[in-house]
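Worksheet: the structure to be examined is printed underneath.
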Amino acid sequence: LNGYVGFDTITTQIEKKLLKRGFQFNVIVVGQTGLGKSTLINTIFAAHLIDSKGRQSVEEPFRQTTEIQTVSHLIEENGIRLRLNIVDTPGYGDQVNNENCWEPIIKYIKDQHSAYLRKELTAMRERYIQDTRIHCCLFFIAPTGHALKPLDILVLKKLSEVVNVVPVIAKSDSLTIEERLAFKQRIKAELAHNNIKLYPYDSDELDQGELDLNQSMKELIPFAIVGSEKNVVIDGKAVRGRRNKWGVIVVENENHCEFVHLRNFLTRTHLQDLIETTAQIHYEAFRSKQLLALKE
Ligand code: GDP
Ligand code: MG
């Protein structure tokens, strides 16, 4: 112990501080009405809300416009608090004329960056800036089994320039496993063809383990998901699921759909990285652009 200063405990100190403060995780869901956005969010997080033994609360939207609504949930697991803000974008792509329908969404994302920058720049910096920046955009693709719509491609392109985008094949129980695979390959080819760069991004800072993890995620994306707010009984046990013409789809069964992969990705393997990437890549790009404009 000779010469031991103890600064290595800084990681635990930082951790403690962060844990006390809690995390904030902001997700925006984008896609046509009826694709199961609300259902998916409830399927991912509802169990945690119940598990958190009355400490959970569903609060009023902390920021609301006529078009875009935010619902805030406080989740607690083993003493760790996560404030989850879900930004819903009803009506996107539902109109006959969808020209510029993505603009309110892009504007919303940029507005959060702008609000953060303003707070950062004020002389009396708040010690802790409330973070409303969007860390992840779940983009819902209709399970047509054919191809992406031209509108999807356009919007994916716009979104991926400002936010971490994670596309999902919505309601994938309406496709057979073979159809899903083919659709997924088709979507990947279209994304590549259109030069759309999606999260996760590779960087020199990642170690081999992280690169491998990202590679396996890139193979899975877009996750073919199924959501359900109802239970079905399997072998006497109630589980989240849906009945369809082929039988019962169990949401959490990895042989039935990729819901579990998406949930692990969002809440376990990439939560912190989604938050960091937002700050270091998307927010930083916004910030340097704004500061350059100020100088001119
Ligand atoms: P939103 O408008 O995108 O928020 O869609 P909702 O979550 O309100 O879901 C619309 C309808 O689709 C509801 O009747 C849901 O029960 C149903 N639904 C949601 N997810 C799925 C799914 O994965 N598969 C199927 N077959 N139906 C779903
Ligand atoms: Mg909804």
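Quick caveat: nothing in here was measured; it's all calculated off a predicted structure. This chain uses plain numbering: 1 for the first residue, then up along the sequence.
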(request) For Tyr199 and Val163, run side-chain contact (heavy atoms from CB on, under 4.5 Å): C-alpha distance rounded to whole Å, both residues' side-chain angles, the deciding distance at 0.1 Å, then the answer. (result) CA-CA 9 Å; Tyr199 180 87; Val163 68; over 6 Å; no
(request) Verify side-chain contact (heavy atoms from CB on, under 4.5 Å) between Tyr108 and Thr89, making sure each step is shown before the conclusion. (result) CA-CA 10 Å; Tyr108 181 89; Thr89 59; over 6 Å; no
(request) Under the side-chain contact (heavy atoms from CB on, under 4.5 Å) rule, what do Val71 and Asp88 come out as? Steps first, then yes or no, please. (result) CA-CA 8 Å; Val71 181; Asp88 205 348; over 6 Å; no
(request) Let me see the working for Asp131 and Arg133 under salt bridge (charged side-chain N to carboxylate O under 4.0 Å, His left out), right down to the final yes or no. (result) CA-CA 6 Å; Asp131 191 1; Arg133 294 172 298 181; 2.8 Å; yes
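By the side chain to side chain donor-acceptor pair (under 3.5 Å) test, Glu284 pairs with Arg287, sequence neighbours left out. Partners of Glu258 according to the salt bridge (Lys or Arg N to Asp or Glu O under 4.0 Å) rule, which considers only residues two or more places apart in sequence or in another chain, are Lys184.
In this structure, a donor-acceptor pair under 3.5 Å is absent between the side chains of His256 and Asp173. Looking at Thr278 and Asn164, their side chains do bring a donor and an acceptor atom within 3.5 Å of each other. A donor-acceptor pair shorter than 3.5 Å can be found between the side chains of Asp212 and Gln208.
Within a 6.0 Å sphere centred on CD of Glu205, other residues, nucleotides and ligands contribute 12 heavy atoms or fewer. Shown here is Lys218, whose NZ atom has more than 12 heavy atoms of other residues, nucleotides or ligands within 6.0 Å. A 6.0 Å sphere centred on NZ of Lys188 holds more than 12 heavy atoms belonging to other residues, nucleotides or ligands.
Here the straight-line distance linking atom OG1 of Thr39 with atom CZ of Arg242 works out to 6.5 Å at 0.5 Å rounding. Between the CG atom in Leu213 and the CG atom in Asp273 there is a gap of 9.5 Å [rounded to 0.5 Å].
Taking 4.5 Å as the limit, some side-chain heavy atom of Phe140 sits within range of a side-chain heavy atom of Ile225.
Checked against the 6.0 Å centroid threshold, Phe286 and Tyr116 do not count as a close aromatic pair.
Between the side chain of Ser114 and the backbone N or O of Lys110, no donor-acceptor pair lies under 3.5 Å. Put simply, the side chain of Lys149 never gets that close to the backbone of Ile141: no donor and acceptor are under 3.5 Å apart.
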